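First comes the structure, then the notes that go with it.
The structure presented is a predicted model; accordingly, all values stated were derived computationally and were not measured. Only heavy atoms go into these numbers, but all of them, side chains included; no hydrogens, no water, no symmetry mates. Residue numbers begin at 1 in each chain, while the letters A, B, ... track the order of the sequences.
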There are 2 protein chains.
Amino acid sequence: MIDAKDVTISDSEWEVMRAIWTLNKVTSRQLIDTMNQARGWSDSTTKTLLHRLIKKHAVTQHGDQRPYEYQAAVGEQDSMAAAATDLFDHMCAMRAGSTIADVIQSRELSQDDIANLQKILAEKAKTAPKTVQCNCLPAGMGADCNC
Amino acid sequence: MIDAKDVTISDSEWEVMRAIWTLNKVTSRQLIDTMNQARGWSDSTTKTLLHRLIKKHAVTQHGDQRPYEYQAAVGEQDSMAAAATDLFDHMCAMRAGSTIADVIQSRELSQDDIANLQKILAEKAKTAPKTVQCNCLPAGMGADCNC
DNA sequence: TTTATTAGTTTACAGTTGTAGTCAGTCAAA
DNA sequence: TTTGACTGACTACAACTGTAAACTAATAAA
């Protein structure tokens with residue numbers, strides 16, 4: 001299993017990955033038909049994306065003869081965490097909290113999800129600082145942050 | 001103020017936006033120097049990015065004579081929310097909760113942030129469903145989701 | 001075994017991004 | 001008024017993306 005942090009998946013590729021993760025093990029035909037129905041893509045488009053994913057080591061090819069099977073080489077949860085972390089990493093640290101709030105408000109979450117988040121937050125509250133500093137510019141520059 | 005949802009900001013452009021948001025109102029010279037110190041970019045790189053941001057309507061140019069001033073035309077919090085929402089929009093809905101958990105765990109949050117999130121979650125719990133369905137493939141396809 | 005079909009590989013091509021050089025217009029100094 | 005410095009505009013160029021056609025190799029049907 002390749003580390004999700006070492007793989008950059010583009011938007012379209014991401015759609016292919018979702019299908020692969022969901023179907024778990026696919027032939028190209030299955031995947032092509034799936035993407036055709038799900039997104040209206042031509043055969044070629046799916047083929048290209050699949051090959052790019054293989055080249056990026058996000059997907060592996062299995063089998064010794066022709067209708068090969070394809071499988072994800074990176075985990076879905078890991079990839080999601082990597083993508084999300086990466087996004088937050090280049091946004092203002094001071095506003096991460098409110099942004100997470102925005103995300104939570106825009107998502108559907110299950111009772112279990114909520115309970116889990118509450119537990120994590122309760123734990124985090126024990127050592128949380130009073131405030132978080134803006135990290136948009138290196139220390140010293142931009143004296144008074146307007147963030 | 002332009003709607004953040006209508007503007008797509010690339011990674012490098014994002015760095016420039018952060019500087020502009022923080023400094024609030026800048027001349028190109030200020031911005032160029034800032035990016036040079038903060039990221040080691042050449043003058044040209046910052047200039048190009050600034051112009052692309054103007055073309056995208058993420059930044060506006062002010063003043064009638066030469067050292068113009070530049071200012072963000074999209075809000076920082078709005079842009080962050082738009083970027084984050086956009087990311088979650090193309091990831092499996094079923095795993096959004098765990099991904100948010102991953103993000104929370106990787107961030108530094110203030111006491112206030114945490115309290116706010118707790119309030120939102122408590123509210124959300126009132127109407128939260130028992131489970132959230134995977135939405136990786138259109139209904140009907142991929143019968144048994146492995147997500 | 002020849003042919004048709006399918007699966008896999010290469011090539012294509014315009015738009016975006018990261019990164020930066022060069023040219024031109026304008027204000028300030030001489 | 002000419003010149004220099006600086007700001008802003010335009011050009012450059014390779015890598016990556018989204019989208020797909022064309023070609024080739026392998027298998028299944030005739």
Looking for any heavy atom pair under 4.0 Å, which part of the strands does [X] touch: base, sugar-phosphate only, or nothing?
X     : result
A:T48 : base
A:K56 : sugar-phosphate
B:L49 : base

side-chain hydrogen bond (donor to acceptor under 3.5 Å, both in side chains) involving B:D33 - partner list, sequence neighbours excluded: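 Partners of B:D33 under the side-chain hydrogen bond (donor to acceptor under 3.5 Å, both in side chains) test: B:R29.
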Can you find a pair of side-chain heavy atoms, one from [X] and one from [Y], that are under 4.5 Å apart?
X     : Y     : value
A:K25 : A:I20 : no
A:T34 : A:R39 : no
A:V16 : A:W41 : yes

How many Å lie between [atom1] on [X] and [atom2] on [N], as a whole number?
X     : N      : atom1 : atom2 : answer
A:M35 : D:dA20 : CE    : C1'   : 15 Å
B:E69 : D:dG8  : CD    : C1'   : 15 Å
A:W14 : D:dG18 : CH2   : P     : 13 Å
B:D43 : D:dG8  : CG    : P     : 12 Å
A:H51 : D:dT17 : NE2   : P     : 17 Å

Tell me whether B:E13 is salt-bridged to B:R52, with the criterion being a basic N under 4.0 Å from an acidic carboxylate O.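 Salt bridge absent between B:E13 and B:R52.
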Straight-line distance of A:K124 NZ to A:I120 CD1, nearest 0.5 Å: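 It comes to 9.0 Å.
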First locate atom CG of B:L50, then atom OH of B:Y68, and finally report the distance between them rounded to the nearest 0.5 Å.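 It is 12.5 Å, given to the nearest 0.5 Å.
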Less than 4.0 angstrom between a side-chain N/O of A:W41 and OP1 or OP2 of D:dG18, yes or no?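 Negative; the distance criterion is not met.
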Would you indicate, yes or no, if D:dT19 has its OP1 or OP2 atom less than 4.0 angstrom from a side-chain nitrogen or oxygen of A:S12?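 Affirmative; the distance criterion is met.
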Quick check for you: name the first and last nucleotides of DNA chain C, 5' to 3', having an atom under 4.0 Å from a heavy atom of chain B.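 So the outermost contacting nucleotides come out as C:dT17 to C:dC27.
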For the side chain of A:Q30 and the backbone of A:T27, is there at least one donor-acceptor N/O pair under 3.5 Å apart?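 Yes, the answer is positive, given that a donor and an acceptor are paired below the 3.5 Å cut-off.
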Considering residues, nucleotides and ligands other than A:H57, do more than 12 of their heavy atoms fall under 6.0 Å from its NE2?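 No, NE2 of A:H57 has 12 or fewer neighbouring heavy atoms, counting only those of other groups under 6.0 Å.
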List, with names and distances, any nitrogen or oxygen atoms from the protein found under 3.5 Å away from nitrogen or oxygen atoms belonging to nucleotides 4-7 of chain D.
from, atom 1, to, atom 2, distance (Å)
D:dT7, OP2, B:R29, NE, 3.2
D:dT7, OP2, B:R29, NH2, 3.2
D:dT7, O2, B:R66, NH1, 3.0

Mapping A:D64 and A:I9 onto DNA chain D by nearest heavy atom, which one lands closer to the 5' end?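 Result of the comparison: A:I9.
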